[in-house]
Number of protein chains: 2
Amino acid sequence: MLRLSKLTDYATVILSHMAKNGKQVHAAIEIASITGIALPTVSKILKLLVNANVLVSTRGSKGGYGLARLPEKISVATVISALEGPIALTECSISHQGCEQASGCGIRSNWNLINLTIHNALESVTLADMIRPTGAPEEIRVPVASLFR
Amino acid sequence: MLRLSKLTDYATVILSHMAKNGKQVHAAIEIASITGIALPTVSKILKLLVNANVLVSTRGSKGGYGLARLPEKISVATVISALEGPIALTECSISHQGCEQASGCGIRSNWNLINLTIHNALESVTLADMIRPTGAPEEIRVPVASLFR
DNA sequence: AAATTCAGGACTATTTTAGTACTATTTTAT
DNA sequence: ATAAAATAGTACTAAAATAGTCCTGAATTT
């Protein structure tokens, strides 16, 4: 499975909760209790999202976290790279040093093409798309069964 | 990083070696010595690829492994799912049981859309594409820098 | 000044992945 | 027939990555 880490999965849950509720500020402990994710884990995720400029934080009592911009302006690609670093399938797409096959490897640029395609796909989906009501018929254009051939 | 396992990476190296050499049959030990991957690991990968009908094997002396069909007919998606199982970003896209947020989670069908997009991207690239000479200018249509924003 | 809340970093435990070893089975060649 | 060559299958071990926790410090509000 081409897997996303659990933390990234949590991040999407947290962010969609924040995007759904119009509230400006959410304390970490509030998010933890609503989502059922342990507080230290929630804090860790929120911190990473602040560093990636997806969230803004305010300290002190009445403080908390809020979206840095409109959900329409937050792409899934941004969220994933905030949690996991650059989006790339192979190690050599990020750094090609230490690859003993560097010279004989004619695959690299082709991997880059694939990475780019995937990145574009993830860039085109925003947080606003994620919180749209599930299963809206016009959203599903292709039979999902084809995924598991 | 949206990572592929090392074994999958190895698999693409092994398969492109096999696709480049017109030879019909390659012994596991020959592949190991050429690619520099340890023999037991090579065997493991080759077996998985046979199970996924990407390769065919013949036993006995003069035996070995060969491509089950033309490189044009072997997609990257097939290779990845042979090594890692179904291509999906989130656990709940594969099995949704045991997800305590099952009812309140409106994200699932949107993840499926993303998964589908990525799957299509990977399905459209074949082994034949992977062994094309690297860096052919017409292949690179978008600046790679945009990948690492 | 006290209470609340985020910031940052270090640490531990768990899970996943990679790699190894061994035995059985099949086919070819002598 | 028999030996050699090669894959098939299974179980096990070790290493690495990930997830999760904890603690101390800093900022803001009341």
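Labels below follow one simple rule: chain letters A, B, ... track the order of the sequence lines, proteins then strands, and each chain is numbered from 1. Here the structure is a predicted model, which means the values were calculated and not measured.
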Grab the [atom1]-[atom2] distance between [X] and [N] for me, whole Å please.
X	N	atom1	atom2	result
B:L48	D:dT10	CG	P	12 Å
A:L7	D:dT21	CG	P	11 Å
A:I14	C:dC6	CD1	P	12 Å
B:L46	D:dA8	CG	P	9 Å
A:K44	D:dT18	NZ	C1'	8 Å
A:E30	C:dC6	CD	P	10 Å
B:D9	D:dA16	CG	P	17 Å
A:L4	D:dA19	CG	C1'	15 Å

- Task: For A:S5 and for B:K47, find the nucleotide of DNA chain D with the closest heavy atom, then tell me which residue's nucleotide is more 5'.
- Result: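 Closest to the 5' end, via its nearest nucleotide, is B:K47.
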
Side chain to side chain donor-acceptor pair (under 3.5 Å) involving [X] - partner list, sequence neighbours excluded:
X	value
A:E72	none
B:E30	B:K23, B:H26
B:T8	B:S5, B:E84

- Selection from D:dT7, C:dG8, D:dA8 that lies nearest to any side-chain heavy atom of B:A28: D:dT7

- Item | Residue pairs passing the ring pair (Phe, Tyr, Trp, His ring centres under 6.0 Å) test where at least one lies in residues 27-74 of chain A, sequence neighbours excluded | none

- Report which part of the nucleic acid A:L39 touches: base, sugar-phosphate, or nothing (heavy-atom distance under 4.0 Å, all strands).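 Since no nucleic acid heavy atom lies under 4.0 Å of A:L39, the category is nothing.
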
- Scoring nucleotides 22-30 of chain C by protein non-hydrogen atoms under 4.0 Å (B base, S sugar-phosphate only, - none) yields ---BBBBS-

- Result for side chain to side chain contact (heavy atoms under 4.5 Å, CB included) between A:T78 and one of A:L122, A:V54, A:L49 points to A:V54

- Message: Holding to side chain to side chain contact (heavy atoms under 4.5 Å, CB included), I want the full list of residues that pass it with B:L39, two or more places apart in sequence or in another chain.
- Response: B:A28, B:I29, B:A32, B:S43

- Counting distance only, does the side-chain N/O of B:R59 pair as donor-acceptor with the main-chain N or O of B:G64 below 3.5 Å?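 The answer is no, because no donor-acceptor pair under 3.5 Å joins these two groups.
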
- Task: Kindly say if A:Y10 contacts the phosphate of D:dG20, meaning a side-chain N or O under 4.0 Å from OP1 or OP2.
- Result: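 The answer is yes; a side-chain N or O of A:Y10 sits under 4.0 Å from OP1 or OP2.
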
- Message: Is B:S57 close enough to D:dA8 that one of its side-chain N or O atoms is under 4.0 Å from OP1 or OP2 there?
- Response: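 Yes, because at least one side-chain N or O of B:S57 sits under 4.0 Å from OP1 or OP2 of D:dA8.
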
